Amino acid sequence: MSRFFCVIPVADAVDEVLRIAPPPARETVAVESAFGRILSDEVIADSDIPGFDRSVVDGYAVRAADTAGAGDAIPALLTCTRRITMGQQDATTSISPGTCAYIPTGGVLPAGADAVVMVEYTEEAGETVLLKKPAAYGENVLLRDEDFKKGETVFSAGHRLSPQDAGVLAACGYAMVTVARKPVVGIISTGNELVPATVVPVPGQVRDANAPMLAAYLADYGCIPRLYGIVRDEKEAFEAVLAKAVPECDVVLLSGGSSKDDRDMTAGTIAAMGTVLVHGIGIAPGKPTIVGQIQEKPVFGLPGHPASAFVVLIAIVRPLLDRMLGVSQPFQRTNRATLSVNIPSQRGREEYVRVRLEGGVATPLFGKSGLLNTLVRSSGLVRIPAGAEGLEQGSEVEVILW
Ligand code: AMP
Ligand code: MG
């Protein structure tokens, strides 16, 4: 094996990742627990919503023409012939000229009525109602099918469901929906120096930051993270953990040991158990990244530095998750901002710079590689394309928010 990376562009690495992506799997879940899930099929309204013309206020259902010119000084006088009850259609004859009906919010507009005057602008005097404001045709009325029409596409396949979507789904007749099954992603931290958070590290040791960070991101992204703990830099240990994790997961992420040093076990182990497809990507940070496959399952070797691992997760692993979930829109919040200073960059590699965002201005946080603090003191990342020699002060950039 060569000591040097065969570095390929990010786009080519992503193509390779998408080539080995398992197809989306589906499952059916109750609408109330579908929040954050990705719809596998489009959602069609099963009926008109609302299914009838209804009032949007408490007031009097009227013929708009009967209220023309009404005001405080000269109110329109109409006879209230009935009171509409919630939850049922009033079957009595239509509102005739000179009459009106009391209607609560959401009540069925009676035949003959074409507007509603809010109760605030009225006064009852026995059977007569004084209307002190004219109503325009259609005022305060929600028309049948004004919200959604029967047969209309309410959500497309690939849409990520929000809490309010659950309400709309129920209104459209869905108690269950078909969504992408959550990919199970195995997480393995590697390195003789690593200890878990519960251990006080002695000099030479560091706590495993990657596993919880990757797990949290993946859970938020709609996956099921599965932790396999810390593995020592020994071939047998790598083989044992991969032999366990690969059959149990849809995707496996190893962090650390992804470079080309003799201590670095990841590439050799993946090659021995499957195939290494990519080793070295034109991305900074994150060049020593491996994409491979064992038993048809995608296996990634992420760099050990937490910031590098995170960038590779976003730039290289996330497209795989998007494909497996069938998402139409990557789930990524961004904000536009103006750069406060020049950011130099080496042409030929895609660079991800941590920036702090304040009042629409993005300021890079330059720091030594390996620092954790920039991960939390920054607001997100600015991507510098491989073809650019940097970004100029004052230019508008898109910040990928954490
Ligand atoms: P490696 O990629 O194994 O060469 O590791 C590069 C750097 O990242 C080393 O300083 C490691 O100690 C550090 N590192 C590797 N894995 C982790 C981890 N899980 N948490 C925190 N730091 C790590
Ligand atoms: Mg290591």
Side-chain angles (χ1 to χ4, degrees), residues 14 17-18 20-52 54 87 106 142 144-187 211-227 245 247-253 297-298 300 310 313-335 380 400-402:
V14 169
V17 164
L18 295 180
I20 61 167
R26 319 147 53 100
E27 65 184 355
T28 303
V29 297
V31 158
E32 61 271 24
S33 51
F35 163 65
R37 306 297 295 271
I38 310 295
L39 280 177
S40 299
D41 300 317
E42 67 175 352
V43 163
I44 308 281
D46 76 332
S47 50
D48 289 336
I49 301 169
F52 51 91
R54 64 194 314 214
L142 191 63
R144 176 196 178 108
D145 84 11
E146 192 172 332
D147 220 354
F148 295 105
K149 284 188 177 45
K150 179 178 179 169
E152 181 180 336
T153 299
V154 179
F155 301 114
S156 302
H159 172 74
R160 185 179 294 267
L161 291 169
S162 68
Q164 65 271 31
D165 292 346
V168 172
L169 283 169
C172 289
Y174 289 77
M176 310 285 290
V177 274
T178 305
V179 295
R181 195 171 60 75
K182 291 185 171 200
V184 178
V185 184
I187 298 171
M213 175 183 74
L214 298 173
Y217 181 90
L218 291 165
D220 188 43
Y221 211 76
C223 304
I224 300 174
R226 202 164 179 148
L227 298 170
E248 290 176 352
C249 302
D250 298 305
V251 181
V252 175
L253 308 181
K297 306 270 180 80
F300 290 84
F310 202 81
L313 181 67
I314 288 176
I316 310 293
V317 180
R318 209 199 48 206
L320 176 92
L321 305 177
D322 286 343
R323 179 62 61 87
M324 292 176 74
L325 290 163
V327 302
S328 48
Q329 279 285 320
F331 180 40
Q332 181 168 274
R333 291 180 308 128
T334 59
N335 228 335
I400 303 166
L401 298 173
W402 293 137

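Count residues from 1 along the sequence. All figures in this text were calculated on a predicted structure; none of them were measured in a lab.
Side-chain atoms of D46 and Y174 include no donor-acceptor pair closer than 3.5 Å.
For D250 (side chain) and V184 (main-chain N/O), a donor-acceptor pair under 3.5 Å exists by modelled atom type. Looking at R333, its side chain does come within 3.5 Å of a backbone N or O of W402 through a donor-acceptor pair. Between the side chain of T334 and the backbone N or O of I400, no donor-acceptor pair lies under 3.5 Å. T153 places no side-chain N or O within donor-acceptor distance of the main-chain N or O of S156, the cut-off being under 3.5 Å. Side chain of R54 to main chain of G106: a donor-acceptor pair is present (N/O by atom type, distance under 3.5 Å, no hydrogens or angles).
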Derivation of the side chain to side chain contact (heavy atoms under 4.5 Å, CB included) call for F35 and L161:
CA-CA 5 Å; F35 163 65; L161 291 169; 5.9 Å; no
For the pair H159 and D165, evaluate side chain to side chain contact (heavy atoms under 4.5 Å, CB included) and give the outcome as yes or no after the intermediate values.
CA-CA 10 Å; H159 172 74; D165 292 346; 2.7 Å; yes
Could you go step by step and tell me if I49 and D145 meet the side chain to side chain contact (heavy atoms under 4.5 Å, CB included) rule?
CA-CA 5 Å; I49 301 169; D145 84 11; over 6 Å; no
Verify side chain to side chain contact (heavy atoms under 4.5 Å, CB included) between L39 and V177, making sure each step is shown before the conclusion.
CA-CA 7 Å; L39 280 177; V177 274; 4.0 Å; yes
Working for salt bridge (Lys or Arg N to Asp or Glu O under 4.0 Å), residues D48 and K150
CA-CA 4 Å; D48 289 336; K150 179 178 179 169; over 6 Å; no
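Residues L325 and P24 are not in side-chain contact: their nearest non-hydrogen atoms beyond the backbone lie 4.5 Å or more apart. Side-chain contact between P22 and P298 is present, with heavy atoms from C-beta onward closer than 4.5 Å. I38 has its side chain out of reach of V179: every pair of non-hydrogen atoms, C-beta onward, lies at least 4.5 Å apart. F155 is not listed as a side-chain neighbour of E42, based on a closest heavy-atom distance of 4.5 Å or more. Contact check for L313 versus F300: no side-chain heavy atoms found under the 4.5 Å cut-off.
Going from atom CG of L218 over to atom CE of M213 covers 10.0 Å, rounded to the nearest 0.5 Å. In this structure, CG on L321 lies 12.5 Å from NZ on K182, to the nearest 0.5 angstrom. Interatomic distance, S47 OG to R144 CZ, rounded to the nearest 0.5 Å: 8.5 Å.
Of all heavy-atom pairs spanning P319 and I316, the tightest one is CD-O, 3.3 Å. Between C223 and V185, the closest heavy-atom pair is CB-CG2, 4.0 Å. Residues P183 and M324 come closest through the heavy atom pair CB-CE, 3.8 Å. Across F148 and A45, no two heavy atoms sit closer than the pair CB-CB, 4.1 Å. When all heavy atoms of R26 and D41 are compared, the pair lying nearest together is NH2-OD2, 2.7 Å. The nearest pair of heavy atoms linking I187 to A211 is CG2-CA, 3.8 Å.
With a 6.0 Å radius and a threshold of 12 heavy atoms from other residues, nucleotides or ligands, E248 has its CD atom above the threshold.
Seen from the ring of F331, R160 counts as a face-on cation partner, given the 6.0 Å and 45° thresholds.
The pair E27-R37 meets the salt-bridge criterion, with a side-chain N (NZ, NE, NH1 or NH2) lying under 4.0 Å from an Asp/Glu carboxylate O.
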